[in-house]
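Numbers restart at 1 for each chain; the letters A, B, ... are given by sequence-line order, proteins then strands.
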2 protein chains.
Amino acid sequence: MKDEFLKNWDTQMKKGLLPLFVLHIIAEKTCYGYELIERLKEITGFDITESTMYPLLTRLLKEGLLEAKWVEQNTGIPRKYYSLTKDGKSKLSEMKEASRTIFSKII
Amino acid sequence: MKDEFLKNWDTQMKKGLLPLFVLHIIAEKTCYGYELIERLKEITGFDITESTMYPLLTRLLKEGLLEAKWVEQNTGIPRKYYSLTKDGKSKLSEMKEASRTIFSKII
DNA sequence: TTATATACATCGTATTACGATGTACTATTG
DNA sequence: CAATAGTACATCGTAATACGATGTATATAA
């Protein structure tokens, strides 16, 4: 028996939190998409699929907050590694600051 | 010169935060819609319009987290006052707890 | 009279998470 | 050897929701 309201609320929360967490994780260490899905799960508990992560990364790339480069593997499929641009770092700071401010109102 | 990315991020953050803040404010004191818009602005800085607030209140009503009653005024238009149901109080607690947990990961 | 504030409400649009689905390579296991 | 699961990328259609625009009605101030 799932609670439909809270389930939906979680989904809506992610719309704001995902970009923040993804930038935060990449800021610590350059990552590729599939890895990000796992690290995000580990760190935040968010269980998102590829159909959420890849469009998000593409968006952040287009916005100029991320840059990517393909890295061939000795074996297996090449990986697309993402890192923060200068603008990405600056935006991440602003987002964290805004989050701190907002959450101090209620928590 | 507005930053389109941060402006859009704010909007997406609201999709999760608004229900939380609205329930939080109503929990402190029974409120009507127009009043909520002002109190929300005061407390959180969120500048939302009627086209955001009224559908949100209708939703929370339908979900059973809020209940409402019309109150006639000596002068002017009647006000629809909202208060938390038992389920609303319980959901609000869960949402605050979830928020604390999530934000502790990053802030 | 006109404008502004109060107080309710709805409609169409844009954004975005998610389920479903697809492609391709590697490793395991029966 | 064949089948399954895991890694790694990607796209499409749908549903949820903030927001601009707009509408109705009353009260007050310029």
Side-chain angles (χ1 to χ4, degrees), chain A residues 2 4-22 30-41 44-63 65-66 68-82 102, chain B residues 2 4-22 30-41 44-63 65-66 68-82 102:
Chain A
K2 325 105 188 288
E4 212 54 40
F5 173 79
L6 288 178
K7 182 164 165 279
N8 187 42
W9 179 66
D10 277 348
T11 299
Q12 298 307 321
M13 280 296 278
K14 287 182 191 169
K15 296 193 180 185
L17 291 175
L18 275 179
L20 175 55
F21 283 131
V22 165
T30 308
C31 285
Y32 58 96
Y34 195 86
E35 185 189 9
L36 268 166
I37 293 174
E38 293 172 323
R39 291 177 65 74
L40 189 74
K41 169 75 175 167
T44 68
F46 280 167
D47 211 346
I48 67 159
T49 62
E50 291 102 319
S51 55
T52 298
M53 184 59 81
Y54 291 117
L56 171 57
L57 290 170
T58 304
R59 228 154 53 227
L60 294 174
L61 212 58
K62 242 178 231 153
E63 298 279 354
L65 309 200
L66 292 181
K69 66 163 186 276
W70 283 100
V71 177
E72 301 289 333
Q73 303 300 301
N74 295 338
T75 171
I77 299 167
R79 292 169 176 171
K80 203 183 207 170
Y81 276 89
Y82 295 88
I102 281 297
Chain B
K2 325 101 187 288
E4 212 54 40
F5 173 79
L6 288 179
K7 182 164 166 277
N8 187 41
W9 179 67
D10 276 348
T11 298
Q12 299 307 322
M13 282 293 279
K14 286 180 192 169
K15 296 192 180 185
L17 292 175
L18 275 179
L20 174 56
F21 283 131
V22 164
T30 309
C31 285
Y32 57 96
Y34 195 87
E35 184 188 11
L36 268 165
I37 294 173
E38 293 173 323
R39 290 177 65 74
L40 190 73
K41 169 75 175 168
T44 68
F46 280 168
D47 210 347
I48 66 160
T49 62
E50 291 102 320
S51 55
T52 298
M53 183 59 81
Y54 292 117
L56 171 57
L57 290 170
T58 303
R59 229 154 53 227
L60 295 174
L61 212 57
K62 244 177 229 152
E63 299 280 353
L65 309 200
L66 292 181
K69 67 161 187 274
W70 284 99
V71 178
E72 301 289 332
Q73 302 301 300
N74 294 339
T75 170
I77 299 165
R79 294 168 176 171
K80 203 184 209 170
Y81 276 88
Y82 294 88
I102 280 297

Do [X] and [Y] come within less than 4.5 Å of each other through their side chains, counting heavy atoms only?
X       : Y       : value
A/Asn8  : A/Gln12 : yes
B/Leu60 : B/Tyr82 : no
A/Leu17 : B/Met13 : yes

Answer yes or no: does a side-chain N or O of [X] lie under 4.0 Å from OP1 or OP2 of [N]?
X       : N      : result
A/Lys7  : C/dC18 : no
B/Asn8  : D/dA18 : no
B/Arg59 : D/dA18 : yes
B/Lys14 : D/dC19 : yes
A/Thr11 : D/dA16 : no

Rounded off to whole Å, could you give me the [atom1]-to-[atom2] distance for the [X] and [N] pair?
X       : N      : atom1 : atom2 : value
A/Leu57 : C/dA17 : CG    : C1'   : 14 Å
B/Glu4  : C/dA14 : CD    : P     : 13 Å
B/Leu18 : C/dT15 : CG    : C1'   : 15 Å
A/Met13 : C/dT16 : CE    : C1'   : 15 Å
B/Leu20 : D/dT17 : CG    : C1'   : 16 Å
B/Leu40 : D/dA18 : CG    : P     : 11 Å
B/Asn74 : C/dT6  : CG    : P     : 18 Å
A/Met53 : C/dA20 : CE    : P     : 20 Å

**OP:** Could you tell me the separation between the OG1 atom of A/Thr30 and the CZ atom of A/Arg79, rounded to the nearest 0.5 Å?
**Re:**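 Atom-to-atom, A/Thr30:OG1 and A/Arg79:CZ are 13.0 Å apart.
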Original post:
Roughly how far, to the nearest 0.5 Å, is CD1 of B/Ile102 from CZ of A/Phe21?
Top reply: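 So the gap between those two atoms works out to 5.0 Å.
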Original post:
How does protein contact run along nucleotides 3-13 of chain D, one letter per nucleotide 5' to 3', with B for base contact, S for sugar-phosphate only, - for none, heavy atoms under 4.0 Å?
Top reply: ----BBBBB--
Original post:
Below 3.5 Å, does any donor atom in the side chain of A/Lys15 face an acceptor in the base of C/dT15, or the other way round?
Top reply: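 Answer is no: no donor-acceptor pair is held.
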Distance-only donor-acceptor hits, side chain of residues 47-59 of chain A, under 3.5 Å, sequence neighbours excluded:
residue, atom, partner, partner atom, Å
A/Asp47, OD2, A/Lys41, NZ, 3.4
A/Thr49, OG1, A/Ser51, OG, 3.0
A/Thr58, OG1, A/Tyr54, O, 2.9

Subject >> DNA chain C: 5'-proximal contact among A/Gly76 and A/Gln12 (nearest heavy atom) >> reply: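 Upstream on the strand: A/Gln12.
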**OP:** Report the residues that fulfil ring-ring contact (aromatic ring centres under 6.0 Å, His included) with B/Tyr32, sequence neighbours left out, ordered by chain and then residue number.
**Re:**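 B/Tyr32 satisfies ring-ring contact (aromatic ring centres under 6.0 Å, His included) with B/Tyr81 once adjacent residues are dropped.
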